[in-house]
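Comments concern the structure below.
Computed from a predicted structure; not experimentally measured. Note that the numbering runs from 1 along the sequence shown for the chain.
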Amino acid sequence: IYIETSLNYKRLFQEKHDVSGILLYMQKESQNQNVTGIQLLPYRKQSVVARAAYGYDNRYMLEGSFGATGSENFASGHRWGIFPAVGAAWYISHEKFMEPLENILSKLKLRASFGITGNDEIGSSSRFPYREALSTGGPGYNMGLTPGVNGDVTGAVGAGIIEQDFATPNLTWERERKVNVGVDLGLFRGSIDLIVDWFHNRRNNILLRRKTIPSAAGFRNSPWQNFGVTTNTGFDASLILKKQIGQVFASVRGNLTYAKNRVEEYDEVPQVYQYQAYTGQSIGQPFVYVAEGLYTPDDFDIVENADGSKTYTLKEGMPNPGTQVAPGDIKYKDINGDGIIDGNDRVAIGATKRPNLTYGFGTSVRWKQLDVNVLFQGVGKSTYFIDGSTVFMFRTGDGWGNILTEMANSNRWILGENEDPNAEYPRLTYGKNENNEQQSTYWLRNGAYLRLKNLDIGYTLPTALANKAHLNRVRFYFIATNLLTFSKFKLWDPELGSS
């Protein structure tokens with residue numbers, strides 16, 4: 001069930017004062033049935049939105065908006081979220097003093113805005129989190145005598161009822177404060193068009209399950225709470241160049257976005273080693289071991305066994321990796337210097353899998369009936385780990401599988417043949433190798449790439465010729481996708497990511 005009604009107003013006074021506004025009310029209800037056909041409580045949401053805008057002489061613009069939304073996820077008194085926003089712009093190029101420059105500086109507009117948005121989504125599995133949730137998934141209880149003992153059948157077992165989630169009556173909206181400053185620039189009557197925006201977002205009251213509640217507190221599931229702060233800062237820009245020389249029309253366009261987020265407050269226990277704190281890092285920042293190449297025979301005391309096999313024991317003074325290793329395995333750096341390689345030696349290295357930088361550029365050229373369109377697309381500031389059975393061959397010990405040729409024929413460490421401590425891949429083992437399959441800088445790859453995304457070449461028949469066939473327009477074209485990719489990563493499509 002969806003209900004929406006709105007009131008709109010717009011009027012121009014004295015050819016200079018442009019006033020507009022809208023008032024909108026929305027209410028929706030959706031009802032689902034589960035597989036047993038039992039009707040569930042309907043999902044409901046309600047909101048009121050108002051916006052007013054004023055423009056003077058197409059030079060000065062001011063706009064304010066207001067939103068109020070009610071969510072069923074929160075208790076009475078915390079249900080409604082209030083989200084205001086305001087924006088202003090100054091069209092400098094429309095000022096009288098700019099008229100002498102209109103052939104050069106055809107457009108100059110400054111913009112700024114501030115607003116607050118909200119989020120109430122916590123996942124469908126945790127509906128009404130402000131209420132206590134009970135479950136029949138607890139242990140059973142023997143009622144009376146034990147069933148089945150000495151032929152006794154009078155006993156019974158009852159299902160236990162447990163408190164699955166504790167009530168969180170003070171839970172409320174997650175909020176994000178958004179600031180944006182921008183400039184629109186046009187040169188030479190539209191031949192050059194540039195748009196640049198800088199933004200800074202701060203999100204707080206993040207809806208999450210607490211991570212540092214001790215088990216002694218008695219929570220079966222960690223409670224929901226508004227906790228945590230993140231920021232996201234960056235800029236994006238787009239540029240269009242247009243030029244016509246005789247019968248040749250050409251345009252070049254490009255766009256670029258860079259964004260960097262940071263965890264300002266995170267629910268974590270104080271770290272023994274500050275370099276392992278998630279606070280201060282980007283969301284999704286990997287913490288990994290630092291690889292120092294591969295072990296060589298010189299790192300071990302070697303004992304020849306009677307059956308011809310060899311036993312490898314790390315020499316005194318070498319950090320203990322906590323598992324059996326041999327020449328050709330990955331060697332890790334002992335970051336804290338305690339002589340043991342463990343979780344305390346993981347450090348924040350590399351960018352996140354989601355790129356901080358995305359960009360694209362292309363060109364279109366038209367000459368008479370022939371046109372050519374080219375689009376390049378790329379990302380930067382991105383890293384990921386390669387893994388999976390194609391990288392860790394024979395990890396399951398079940399024989400052969402599909403193996404990438406690169407893995408079999410690469411510069412791999414082989415005893416007696418290639419004992420290069422900087423080999424591209426470690427020694428092969430049959431079955432899982434705990435040491436080598438750790439996430440480390442050894443498997444970290446640069447996810448940056450640039451690719452020729454689209455190439456489109458077309459020819460349009462002259463209008464007179466198309467009309468003879470009783471057609472308005474006929475274009476023959478050739479399109480190719482992903483023709484070229486430039487990337488340091490060569491194993492598979494870098495856009496796919498890890499494995």
Side-chain angles (χ1 to χ4, degrees), residues 24-32 34 40-50 65-86 114-138 160-179 200-232 261-271 277-284:
L24 182 143
Y25 171 81
M26 182 277 296
Q27 176 179 314
K28 64 180 179 180
E29 176 180 307
S30 59
Q31 194 169 40
N32 299 320
N34 63 16
L40 303 176
L41 289 173
Y43 293 81
R44 289 175 175 169
K45 189 163 285 189
Q46 191 177 28
S47 64
V48 178
V49 177
S65 65
F66 167 87
T69 301
S71 172
E72 63 170 20
N73 285 335
F74 310 123
S76 178
H78 302 277
R79 202 159 278 169
W80 285 86
I82 308 299
F83 309 109
V86 62
F114 171 84
I116 297 175
T117 62
N119 171 54
D120 68 328
E121 296 295 332
I122 58 174
S124 59
S125 61
S126 301
R127 200 173 177 199
F128 307 127
Y130 63 92
R131 300 189 63 180
E132 178 186 55
L134 302 180
S135 171
T136 57
I161 296 178
I162 58 174
E163 192 168 29
Q164 192 71 24
D165 281 306
F166 280 71
T168 52
N170 294 322
L171 206 63
T172 188
W173 285 81
E174 182 177 312
R175 296 175 182 272
E176 184 169 39
R177 185 184 65 196
K178 306 170 80 71
V179 178
H200 176 76
N201 303 335
R202 181 180 176 86
R203 183 178 291 258
N204 62 3
N205 280 348
I206 296 174
L207 294 166
L208 50 77
R209 286 190 183 272
R210 292 299 303 267
K211 299 179 182 297
T212 57
I213 304 296
S215 58
F219 293 107
R220 187 170 293 270
N221 290 330
S222 293
W224 287 95
Q225 192 171 344
N226 294 103
F227 192 95
V229 178
T230 63
T231 57
N232 189 33
N261 62 55
R262 174 184 165 92
V263 178
E264 305 292 346
E265 180 182 86
Y266 185 67
D267 189 21
E268 63 180 341
V269 296
Q271 300 296 317
Y278 193 53
T279 303
Q281 304 293 342
S282 294
I283 299 172

Report task. Output all residues satisfying side chain to side chain donor-acceptor pair (under 3.5 Å) with Ser222, sequence neighbours left out; order by chain, then residue number. Result -> none
**Report entry** Any residue meeting ring pair (Phe, Tyr, Trp, His ring centres under 6.0 Å) with Phe219, in chain and number order, not counting sequence neighbours
**Finding:** Phe166
Query raised in the report: Where the side chain of Arg79 meets the backbone of Phe74, is there a donor-acceptor pair that is under 3.5 Å apart?
Result: yes
Report summary line: Heavy-atom closest pair (Pro169 atom, Ala75 atom, distance to 0.1 Å) is O-CB, 3.6 Å
Query - Check: Pro129 and Asn73 side chains under 4.5 Å, non-hydrogen atoms - result: yes
Requested in this report: Output all residues satisfying side chain to side chain donor-acceptor pair (under 3.5 Å) with Thr117, sequence neighbours left out; order by chain, then residue number.
Outcome: none
Query raised in the report: Of the non-hydrogen atoms in Ser282 and Asn261, which two are nearest, and what is the gap between them?
Result: OG-O, 3.0 Å
Query - For Lys178, all residues meeting salt bridge (Lys or Arg N to Asp or Glu O under 4.0 Å), sequence neighbours excluded - result: Glu176
Query raised in the report: In Å and rounded to the nearest 0.5 Å, what is the OG to NZ distance from Ser30 to Lys28?
Result: 7.0 Å
Report task. Could you tell me whether the side chain of Gln281 reaches within less than 4.5 Å of the side chain of Val263, counting heavy atoms only? Result -> no
Query raised in the report: Going from CD on Glu265 to OG1 on Thr279, what distance comes out if it is rounded to the nearest 0.5 angstrom?
Result: 8.0 Å
Report task. Hey, could you give me the CG/CG distance between Asp267 and Leu208, rounded to the nearest 0.5 Å? Result -> 6.5 Å
Requested in this report: Name all residues meeting the ring pair (Phe, Tyr, Trp, His ring centres under 6.0 Å) criterion together with Phe114; count only those two or more places apart in sequence or in a different chain, and write none if there are none.
Outcome: none
Requested in this report: Might you point out which heavy atoms bring Gln31 and Pro42 nearest each other, and give the distance in Å?
Outcome: NE2-CD, 4.0 Å
Query raised in the report: Can you list the residues that meet the side chain to side chain donor-acceptor pair (under 3.5 Å) rule with Glu264, with sequence neighbours excluded?
Result: Thr231, Arg262
Query raised in the report: Are any of the side-chain nitrogens in Glu268 or Lys211 under 4.0 Å away from the carboxylate oxygens of its partner?
Result: no
Query raised in the report: Roughly how far apart are Thr168 OG1 and Arg131 CZ, rounded to 0.5 Å?
Result: 12.0 Å
Query - Non-neighbouring partners of Glu72 that pass salt bridge (Lys or Arg N to Asp or Glu O under 4.0 Å), sequence neighbours left out - result: Arg127
Query raised in the report: With sequence neighbours left out, what residues match Ala50 under side chain to side chain contact (heavy atoms under 4.5 Å, CB included)?
Result: Leu23
**Report entry** Contacts of Phe83 that satisfy ring pair (Phe, Tyr, Trp, His ring centres under 6.0 Å) - sequence neighbours left out
**Finding:** Trp173
**Report entry** Nearest-0.5 Å distance, CD of residue Glu121 to OG of residue Ser71
**Finding:** 7.5 Å
Query raised in the report: Sequence neighbours excluded, which residues qualify as salt bridge (Lys or Arg N to Asp or Glu O under 4.0 Å) partners of Glu29?
Result: Arg44
Query raised in the report: So do the side chains of Asn221 and Arg209 get within less than 4.5 Å of each other, counting heavy atoms only?
Result: yes
Query - Those residues that, when tested against Asn226, pass side chain to side chain donor-acceptor pair (under 3.5 Å) (two or more places apart) - result: none
Query raised in the report: Can you tell me how far the CG atom of Leu207 sits from the CG atom of Asn119, to the nearest 0.5 Å?
Result: 6.0 Å
**Report entry** Contacts of type side chain to side chain contact (heavy atoms under 4.5 Å, CB included), residue Ala68, not counting sequence neighbours
**Finding:** Phe66, Trp80, Ile82
Query - Pairwise side-chain contact, Val229 with Arg202, heavy-atom cut-off 4.5 Å (strictly under) - result: yes
